[in-house]
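To start, the structure itself, in structure tokens.
Values reported hereafter were calculated over all heavy atoms of this structure, with side chains retained and with hydrogens, waters and symmetry mates removed.
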Amino acid sequence: FFSSRRRHTRLLTVTGVQTCALPISGADFSGANLTGANLAKTSFVMSDLSGANLTGADISESKLDGINLAKADMSSAKLTGAQLGPVDIKDASGKPTGRKWPSNLASATLKGADLTGANLQYANLGHVDFTGANLSKANMTSANMTDAKMDGAVLDGATFDRVGAG
């Protein structure tokens, strides 16, 4: 668990890393090169991985609620069972306000990624490229899917209730 101050790791290159099951929530990995990294079962809640290269990374069963993955490249990444849902916003006393902070994947690339069983509820998936991705049994309830590219995506058993599209 990190304090409210973000850990800055800009322009970090971490290839072939095995960081399985680490709690590194609230970190700033924006622009990092995490190609092929094993990040399975890692907690990245409220972290910033915008513009990061996660090509071929294993992020399966990770807790990524409220994460910023805008413009990240996750081509061929494994996100099976990953949690990319919203975080409940709380007031100063720690009580939920009823509002949510969604995960942001706007303009991310997920070509050929495996998101089987992933939770993407309320996520911003606007302009995401899901070409050839496996979204079987993924939950995209209330997600923003404006201009998402779904060519050749596998959607068996996926949930799209109350999805927004432009």
Point-to-point distance, once rounded to the nearest 0.5 Å, from [atom1] of [X] to [atom2] of [Y]:
{"X": "Asp65", "Y": "Gln121", "atom1": "CG", "atom2": "CD", "value": "9.5 Å"}
{"X": "Leu54", "Y": "Asp73", "atom1": "CG", "atom2": "CG", "value": "8.0 Å"}
{"X": "Phe29", "Y": "Leu69", "atom1": "CZ", "atom2": "CG", "value": "12.0 Å"}
{"X": "Thr109", "Y": "Leu105", "atom1": "OG1", "atom2": "CG", "value": "10.5 Å"}

Whether the side chain of [X] engages the backbone of [Y] through a donor-acceptor N/O pair (distance < 3.5 Å, no angle test) should be reported.
{"X": "Ser25", "Y": "Val45", "value": "yes"}
{"X": "Thr97", "Y": "Arg99", "value": "yes"}
{"X": "Ser62", "Y": "Lys41", "value": "yes"}

Compare all side-chain heavy atoms of [X] with those of [Y] and state whether any distance is below 4.5 angstrom.
{"X": "Ser107", "Y": "Lys71", "result": "yes"}
{"X": "Leu135", "Y": "Met150", "result": "yes"}
{"X": "Met46", "Y": "Trp101", "result": "yes"}

Nearest heavy atoms of [X] and [Y], plus distance in Å:
{"X": "Met140", "Y": "Ala158", "answer": "CE-CB, 4.0 Å"}
{"X": "Gly26", "Y": "Ser47", "answer": "N-OG, 3.0 Å"}
{"X": "Ala113", "Y": "Met74", "answer": "CB-O, 3.7 Å"}
{"X": "Leu115", "Y": "Ala133", "answer": "CD1-CB, 4.3 Å"}
{"X": "Leu49", "Y": "Ala72", "answer": "O-CB, 3.8 Å"}
{"X": "Asn68", "Y": "Ala70", "answer": "OD1-N, 3.1 Å"}

Do [X] and [Y] share a hydrophobic cluster (ILVMFWY, side-chain heavy atoms under 4.5 Å, transitive)?
{"X": "Ile24", "Y": "Ile59", "value": "yes"}
{"X": "Leu120", "Y": "Tyr122", "value": "no"}
{"X": "Leu110", "Y": "Leu155", "value": "yes"}

Under a plain distance cut-off of 3.5 Å, with no hydrogens placed, do Asn124 and Asn104 share a side-chain donor-acceptor pair?
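A donor-acceptor contact under 3.5 Å links the two side chains.
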Applying salt bridge (charged side-chain N to carboxylate O under 4.0 Å, His left out), which residue pairs with at least one partner in residues 107-121 are found, sequence neighbours left out?
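As it turns out, the salt bridge (charged side-chain N to carboxylate O under 4.0 Å, His left out) pairs with a partner in residues 107-121, which skip direct neighbours, are Lys111-Asp129.
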Report, one line per pair, each donor and acceptor closer than 3.5 Å where one atom sits in a side chain of residues 81-91; sequence neighbours left out.
residue : atom : partner : partner atom : Å
Gln83   : OE1  : Asn119  : ND2          : 3.2
Gln83   : NE2  : Gly81   : O            : 3.4
Asp88   : OD1  : Lys100  : NZ           : 3.0
Asp91   : OD1  : Ser93   : N            : 2.9
Asp91   : OD1  : Ser93   : OG           : 2.7
Asp91   : OD1  : Gly94   : N            : 3.1
Asp91   : OD1  : Lys95   : N            : 3.0

CA sep, side-chain torsions, deciding dist, call: Thr141, Thr159, side chain to side chain donor-acceptor pair (under 3.5 Å)
CA-CA 6 Å; Thr141 299; Thr159 304; 5.3 Å; no
Go through Leu79 and Leu64 one step at a time and tell me if the side-chain contact (heavy atoms from CB on, under 4.5 Å) criterion holds.
CA-CA 10 Å; Leu79 292 108; Leu64 309 168; 4.3 Å; yes
What residues, two or more places apart in sequence or in another chain, satisfy salt bridge (Lys or Arg N to Asp or Glu O under 4.0 Å) together with Lys78?
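Result, salt bridge (Lys or Arg N to Asp or Glu O under 4.0 Å) vs Lys78: none returned.
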